[in-house]
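One structure is given below, encoded as structure tokens.
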Amino acid sequence: MEQIAVISDVHGNIPALEAVLNDIERRGIERIICLGDMVGKGPCSELAVDIVREGCEVVVRGNWDDSITKPAETEVGTYYQNQLGQDRLDYLKTLPYSVQFWMSVRFVRLYHASQESVYTRIHPSHPHETRHAMFENTDATGEGPNGIEPDVVGYGDIHNAYIQHLRIGSVGNPLERTDASYAILEGDYGDDRPGMFNVQLVRVPYDIELAVAQAIERKVPELEYYLVELRTGVYRRSQKKLAHQ
């Protein structure tokens, strides 16, 4: 039996990323898959890309990873493009949309946000038909062997962790509680024969105030909202709604 750690949405938060990677190492897990959004929001996008690129076996493309490679139209985009540099931007352009594999007879597909696009966001509260459609083969995901669809789907993007149609939470920007989170898949990797299969979500505390200090030092865009997200887990759009009430 093998364990695979699945991380997502680091968003330049190095203290959180290091805490998660230390926990993964402590568990003796050697295979790590990242479901994108290494960059943006947090202060250290360039370090996040370097660490993930070095330590993860597979990295798929997130919406931030995709959008930051396009011509910058805002000061926020320019800030992160300057931080990343051309080599990292070129690397982000090469990231695949999804990764898929057999694990204990289950066919697993992992991607950043949905089967349609890195910009299509699916929440656990969406209608059953919307969530069930995440198992479909699309032009973006491709097909499984002989055209099969996945038994298990894992995705990131929405920053709060749940197990239903499998979802991975957020390393650097969790939005339902403040601990970093990631998932572990357990089973016989690469094996299409019946076997034990399990999924668990892991919560990892980290030094939030160190992440806050790094964000202040680097003067990240929209700093006020980002700091509240780190300290409380309240999404910035919710903050804006409250501010308008």
Side-chain angles (χ1 to χ4, degrees), residues 1-10 20-21 23-38 52-63 65-66 91 94-118 120-124 126-158 161-171 181-203:
M1 186 184 69
E2 183 175 359
Q3 293 182 317
I4 301 175
V6 185
I7 68 174
S8 186
D9 295 275
V10 177
V20 164
L21 293 179
D23 188 77
I24 292 170
E25 182 179 11
R26 181 181 63 81
R27 296 171 185 267
I29 302 174
E30 298 181 354
R31 193 184 302 271
I32 308 173
I33 297 174
C34 177
L35 301 189
D37 272 12
M38 297 168 280
V52 169
R53 187 177 183 179
E54 175 69 22
C56 293
E57 182 172 297
V58 180
V59 183
V60 302
R61 183 172 73 253
N63 55 291
D65 307 320
D66 183 70
Y91 165 70
T94 70
L95 297 178
Y97 189 87
S98 61
V99 58
Q100 49 193 27
F101 50 88
W102 289 102
M103 195 167 197
S104 296
V105 87
R106 281 86 171 170
F107 189 60
V108 180
R109 176 177 292 155
L110 306 175
Y111 46 67
H112 178 69
S114 79
Q115 79 286 2
E116 293 291 345
S117 167
V118 294
T120 300
R121 182 159 291 166
I122 306 295
H123 288 280
H126 274 116
H128 173 78
E129 293 78 9
T130 301
R131 289 176 282 121
H132 190 267
M134 299 181 74
F135 291 80
E136 296 176 353
N137 295 327
T138 65
D139 290 340
T141 65
E143 297 182 346
N146 299 316
I148 68 170
E149 295 181 341
D151 304 295
V152 178
V153 165
Y155 70 109
D157 188 53
I158 63 173
Y162 72 93
I163 296 180
Q164 184 184 55
H165 301 310
L166 305 179
R167 231 283 303 165
I168 310 305
S170 174
V171 170
S181 65
Y182 72 100
I184 297 175
L185 306 181
E186 294 181 301
D188 298 316
Y189 178 72
D191 198 335
D192 62 357
R193 296 172 299 179
M196 192 283 293
F197 182 80
N198 183 48
V199 180
Q200 61 175 302
L201 295 175
V202 182
R203 300 286 185 171

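Quick caveat, the model's predicted, so the values are computed rather than measured. Along the sequence shown, residues are numbered consecutively beginning with 1.
- Counting heavy atoms from C-beta on, the side chains of L21 and I32 come closer than 4.5 Å.
- Within the 4.5 Å cutoff, the side chain of F197 has no heavy atoms near those of the D151 side chain.
- With contacts defined as side-chain heavy-atom distances shorter than 4.5 Å, the pair H112/D9 qualifies.
- Across G62 and V118, no two heavy atoms sit closer than the pair C-CB, 4.1 Å.
- Summarising the local packing, CD of E136 is surrounded by more than 12 heavy atoms from other residues, nucleotides or ligands at distances under 6.0 Å.
- In this structure, the side chains of M38 and L95 come closer than 4.5 Å at one or more pairs of heavy atoms.
- The CD atom of Q200 sits 9.5 Å away from atom CG of L185, with the distance rounded to the nearest 0.5 Å.
- No more than 12 heavy atoms of other residues, nucleotides or ligands lie within 6.0 Å of CZ in R193, so this atom counts as exposed by the packing criterion.
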Exercise. Between V199 and I184, does a side chain to side chain contact (heavy atoms under 4.5 Å, CB included) hold up when you go through it step by step?
Worked result: CA-CA 6 Å; V199 180; I184 297 175; over 6 Å; no
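- Side chains of R121 and N63: no donor on one and acceptor on the other come within 3.5 Å.
- Side-chain contact between C34 and V171 is absent, with no heavy atoms from C-beta onward closer than 4.5 Å.
- By the 4.5 Å heavy-atom criterion applied to side chains, N137 and P150 are counted as neighbours.
- In plain terms, the two heavy atoms of Y182 and R27 that are nearest each other are OH-NE, 3.2 Å.
- Here CD of E25 is found 10.5 Å from CG of D23. Values are rounded to the nearest 0.5 Å.
- Shown here for S104 and D188, the closest heavy-atom pair between the two residues is OG-N, 2.7 Å.
- Scanning both residues, D157 and S8, for their nearest heavy atoms gives N-OG, 4.2 Å.
- Taking each heavy atom of S98 and R109 in turn, the nearest pair found is CB-CG, 4.4 Å.
- Here CD of E149 is found 10.0 Å from OG1 of T138. Values are rounded to the nearest 0.5 Å.
- Partner of L110 under the side chain to side chain contact (heavy atoms under 4.5 Å, CB included) criterion, out of V153, I33, V152: I33 alone.
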For this session: Could you give me the CA-CA distance, side-chain angles and deciding distance for I122 and R131, then say whether side chain to side chain contact (heavy atoms under 4.5 Å, CB included) is met?
Result: CA-CA 7 Å; I122 306 295; R131 289 176 282 121; 4.2 Å; yes
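- Remark: Y97 engages no residue in a ring-ring contact (aromatic ring centres under 6.0 Å, His included) (not counting sequence neighbours).
- Counting heavy atoms from C-beta on, the side chains of P145 and D192 never come closer than 4.5 Å.
- Distance check, rounded to the nearest 0.5 Å: CD1 of I148 to CD of Q100 gives 8.0 Å.
- Evaluation of the ring-ring contact (aromatic ring centres under 6.0 Å, His included) rule for F107 yields W102 as partners, not counting sequence neighbours.
- For the residue pair N198 and E186, a side-chain donor N or O sits within less than 3.5 Å of a side-chain acceptor on the partner.
- Distance check, rounded to the nearest 0.5 Å: CG of D65 to CG of D37 gives 5.0 Å.
- Counting non-hydrogen atoms of neighbouring residues, nucleotides and ligands closer than 6.0 angstrom, the CD atom of E57 exceeds 12 such neighbours.
- For M134 against Y111, the heavy-atom pair with the smallest separation is O-OH, 2.8 Å.
- F135 contributes atom CZ, which lies 10.0 Å from atom CD of Q115 (distance to the nearest 0.5 angstrom).
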